[in-house]
Protein chains: 2
Amino acid sequence: MKKAKNQKAALALELARAQNEMRSKMRQVIQTKISALDPDLSFELLEVIGLLWRSDGINQQEISDRLSKDKSSVTYLINALVKRALVKRIEHEKDRRHKLIFLTDKGKQIRKVIYPLVLESYADACGDIDLEILKQNTVMIREMTKNLDAFGD
Amino acid sequence: MKKAKNQKAALALELARAQNEMRSKMRQVIQTKISALDPDLSFELLEVIGLLWRSDGINQQEISDRLSKDKSSVTYLINALVKRALVKRIEHEKDRRHKLIFLTDKGKQIRKVIYPLVLESYADACGDIDLEILKQNTVMIREMTKNLDAFGD
DNA sequence: GAATATTAGTTTGAATTCAAACTAATATTA
DNA sequence: TAATATTAGTTTGAATTCAAACTAATATTC
């Protein structure tokens, strides 16, 4: 019993390393592409922008949750985006604790140029991998995260 | 054709987010466990130590490659480990460019206490996920990384 | 063998992450 | 309603990451 469990855990450790490798490579590829277009736009800033393209007007806490970034990191990144005039911070009318983050026109417009590059990079990574395998894998990763919640917290 | 490709890419983007989430949670769980034992040992330092447990005496470049960390990050982390007397830096006799990194006795000994905790965390994450699925996914991630090499560089 | 290129590691400064303590606003409870 | 707890966001300082320029050592080429 114990042996099998440890074998699986050791394999999961390798999976984690493989994920790090993929993330590192992916970051590098995307960063290179966008730097050519806009030298002032980092991969991390793009992560936030990319989320807002899908969900404009959410608050910082939700950005923090959905990008798995510490909320102080989000404060830092939003400040940087505000400085670049890519987003605006707007207090929630009813609950003034919430700061809603909205894309500016500029923030919306760069989507046309940037998003295709990001998508292209991920398409390259996918190669001819089967769509179902990809889905299955995503489900598995999410399940592993959920399993940790059951213990960790 | 284009549609299908984009659909897969978008899914890969979700996979990447799921991986971030898992890494973040994993980091948090493991950091909490080891902080209780040794408040002076970070997750990142442990990543290096953990590699050395398997491959003692490799040089910094190899550590950099295998952990997907920038070599300047490795310099920083090794310095921190040397300060804590967990590893030693030894110049390669034949090629003095290489600095070989060796665990000290202390570095070896903490394995008994720490490694089980790490393994346990990954075992928790695995839950009752099928071993074959786990293997298959690791292979897939590595393939995605390799696909990027074909383009990115 | 000298000139050149490549490789491993360091240094530097800026960017990002992290945890902990903090402030302000709202929700809950007595 | 007053006291307390919870929530969202900020601030702080330290840790880590990153890219670029740099040094030293070795390999390659002429």
Side-chain angles (χ1 to χ4, degrees), chain A residues 20-21 23-36 39-49 57-84 87-101, chain B residues 20-21 23-36 38-49 57-84 87 89-101:
Chain A
N20 284 345
E21 198 178 356
R23 174 177 163 81
S24 169
K25 189 75 196 170
M26 203 75 219
R27 188 193 185 287
Q28 179 193 325
V29 167
I30 293 178
Q31 180 72 73
T32 301
K33 284 185 186 174
I34 58 176
S35 286
D40 200 33
L41 200 53
S42 71
F43 179 79
E44 289 76 13
L45 294 177
L46 195 54
E47 284 182 296
V48 178
I49 294 270
I58 59 180
N59 66 20
Q60 299 187 194
Q61 183 62 54
E62 189 166 352
I63 295 175
S64 171
D65 292 339
R66 290 175 57 180
L67 295 183
S68 307
K69 288 180 190 293
D70 191 89
K71 51 186 188 162
S72 60
S73 297
V74 172
T75 295
Y76 165 80
L77 292 170
I78 297 294
N79 285 343
L81 288 173
V82 168
K83 221 172 285 173
R84 288 162 177 74
V87 308
K88 280 172 296 191
R89 246 196 203 94
I90 297 181
E91 245 182 24
H92 192 291
E93 304 162 350
K94 304 290 175 58
D95 187 338
R96 283 160 49 214
R97 288 173 300 186
H98 297 67
K99 313 287 179 68
L100 307 183
I101 309 301
Chain B
N20 284 345
E21 197 178 357
R23 173 177 162 83
S24 169
K25 189 74 194 170
M26 204 74 218
R27 187 194 186 286
Q28 179 192 326
V29 167
I30 293 179
Q31 180 73 73
T32 301
K33 284 184 186 174
I34 58 176
S35 286
D38 182 348
D40 199 33
L41 201 53
S42 72
F43 180 79
E44 289 77 14
L45 294 178
L46 196 53
E47 285 184 295
V48 178
I49 293 270
I58 60 181
N59 66 19
Q60 298 187 197
Q61 184 61 55
E62 189 167 352
I63 295 175
S64 171
D65 292 338
R66 291 176 56 181
L67 294 183
S68 307
K69 289 180 189 291
D70 191 89
K71 52 185 187 161
S72 59
S73 297
V74 172
T75 295
Y76 164 81
L77 292 170
I78 297 294
N79 284 344
L81 288 172
V82 168
K83 221 172 283 173
R84 288 163 177 74
V87 308
R89 244 197 206 95
I90 296 181
E91 244 181 25
H92 191 291
E93 304 161 353
K94 303 289 176 57
D95 188 337
R96 282 161 49 213
R97 287 174 301 185
H98 298 67
K99 312 287 179 67
L100 307 182
I101 309 301

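So you know, we letter chains A, B, ... as the sequences are listed, proteins then strands, and number each from 1. Because the structure is predicted, anything quoted here is derived from the model rather than measured. What you see below is based on every heavy atom in this structure, not just the backbone, and it leaves out hydrogens, waters and symmetry mates.
Residues B/Glu21 and A/Lys69 are not paired through a salt bridge, judged by the lack of any N-O separation under 4.0 Å between the basic side chain and the carboxylate. One finds no salt bridge joining B/Glu62 and B/Lys99 here, because no Lys/Arg side-chain nitrogen approaches an Asp/Glu carboxylate oxygen to under 4.0 Å.
A/Thr32 places a side-chain N or O within donor-acceptor distance of the main-chain N or O of A/Gln28, the cut-off being under 3.5 Å. No donor-acceptor pair under 3.5 Å is formed between the side chain of A/Glu44 and the backbone N or O of A/Ser73. Using modelled atom types, one side-chain atom of B/Arg84 and one backbone atom of B/Asp40 make a donor-acceptor pair closer than 3.5 Å. Of the possible donor and acceptor atoms, none in the side chain of A/Ser24 sits under 3.5 Å from a partner among the backbone N and O of A/Asn20. In this structure, the side chain of B/Arg96 does not engage the main chain of B/His92 through any donor-acceptor pair within 3.5 Å.
Each of B/Ser72 and B/Ala80 was assigned the nucleotide of DNA chain D with the nearest heavy atom; the assignment lying further toward the 5' end belongs to B/Ala80. Nearer the 5' end of DNA chain C, as judged by each residue's closest nucleotide, is the contact made by B/His98, out of A/Asp95 and B/His98. Residue-to-nucleotide proximity on DNA chain D shows that, of B/Glu44 and A/Leu100, the 5′-proximal contact is made by A/Leu100. A residue-by-residue look at B/Gln61 and A/Asp70 shows that B/Gln61 has its nearest nucleotide of DNA chain C further toward the 5' end.
Nearest approach of A/Arg89 to A/Val82, heavy atoms of both residues: NH1-CG2, 4.1 Å.
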Q | Dot-bracket encoding of pairs in DNA chain D, which uses [ ] for pseudoknotted crossings and | for another strand, Watson-Crick or G-U under 3.5 angstrom | A | ||||||||||||||||||||||||||||||

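Extent of DNA chain D lying under 4.0 Å from chain A heavy atoms, first and last nucleotide in 5' to 3' order, is D/dT6 to D/dA19.
Nucleic acid contact class of B/Lys71 (heavy atoms, under 4.0 Å, all strands): base. B/Ser42 comes within 4.0 angstrom of sugar-phosphate atoms only, judged by non-hydrogen atoms across all strands, and of no base.
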